[in-house]
Amino acid sequence: MAQTTDSAVQPAAWYSALPRAGYAALKRIAVQGDWFEVYQVQEGIYALYESGHFQEVISYLLVGADKALLVDTGLGMGNIRKVAEQLTNLPIAVVNTHSHFDHIGDNWRFEQVYILNHPTAVKRLAAGATHAELAGEVEPGANARPYPAGFDPAAYTIPPCTFETVEEGHVFDLGNRRLRVIYTPGHSDDSIMLADDGNRLLFTGDTFYPASLYVFFASPDPVDQLLDTYRRTMERLAGEFSGYTLLCSHNEPLCSGGMLAQAAQAFAAIQAGRAPDEVGNTGMKKYQFDGFAIITR
Ligand SMILES: [Zn+2]
């Protein structure tokens with residue numbers, strides 16, 4: 001998600017939407033620690049959900065036959081490595097869906113981290129994030145539960161990490177599960193998804209989830225161009241993955257692949273001037289659709 005407290009974007013009482021309905025059908029796994037809620041999505045797939053913070057980030061641990069892969073490391077407020085190591089004894093590699101702070105927060109705790117070979121991603125992981133960049137994430141009201149033991153909001157930073165880069169088409173082979181890297185620019189220019197073709201699953205990062213989608217706020221490019229990039233990505237995804245189950249990185253973990261076509265049509269509608277927008281108090285535009293929204297600057 002983007003860093004914003006715009007009232008059209010982030011409802012003041014965000015926690016009133018909790019608990020979200022999608023978790024009721026999933027098996028809750030008890031873990032030590034006071035920050036992550038852990039759910040088994042299916043055999044070998046766990047959602048690590050930061051429900052105490054308004055970003056409601058979901059990272060996924062995939063436990064294969066030979067290796068484990070952690071898709072994103074969350075906000076870096078709680079120790080995600082400690083949680084993941086309660087779920088598997090296998091070595092755990094990390095892959096980031098993109099380089100936004102809420103997906104890379106605990107990268108520094110891991111020896112093996114992968115991200116797309118893209119200048120935006122490389123720059124961010126090499127630099128980490130300063131407290132000034134993150135201050136909006138620890139303002140009063142950002143958390144609905146106490147922060148985890150040992151976390152000082154006044155000192156919140158994201159340390160740099162060591163990492164390796166991958167390209168579109170790279171495959172992470174966990175022994176009994178393979179994850180294929182798909183380049184999906186739109187939310188950011190360094191976004192990827194991970195396709196588990198054997199099980200018809202798609203880990204979508206922030207490029208699609210059933211909530212407000214943010215159109216690449218950091219880019220200086222014209223909004224029309226950014227919408228066009230996002231629409232092309234969604235059209236490609238709708239063509240290839242409509243029959244898959246989506247595993248999303250914020251709010252609700254599971255979503256139907258049929259939503260990809262709806263998202264592609266939504267971007268096309270905005271571009272064609274057929275979608276009504278609502279302007280927030282910082283000038284951002286929000287377009288509401290059935291089951292998700294699209295937010296541009
Ligand atoms: Zn995010």
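Both ligands and their constituent atoms are indexed starting at 1 by order of listing.
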Applying side-chain contact (heavy atoms from CB on, under 4.5 Å) between L125 and each of T162, N96, T120, I158, report the one that passes.
-> N96

Angle at the Zn ion (ligand 1): provide the value between OD2 of D206 and OD2 of D102, rounding to 10 degrees.
-> 160°

T207 and T204: side chain donor to acceptor below 3.5 Å = no

Using a cut-off of strictly less than 2.8 Å, determine whether H100 has an N/O/S atom near the Zn ion (ligand 1).
-> no

Scan D197, D196, D173 and name whichever one has a salt bridge (Lys or Arg N to Asp or Glu O under 4.0 Å) with R178.
-> D173

Would you call the rings of H103 and H98 parallel, tilted or perpendicular if under 30° counts as parallel and over 60° as perpendicular?
-> tilted

Between the Zn ion (ligand 1) and H103, is there an N, O or S atom separated by less than 2.8 Å?
-> yes

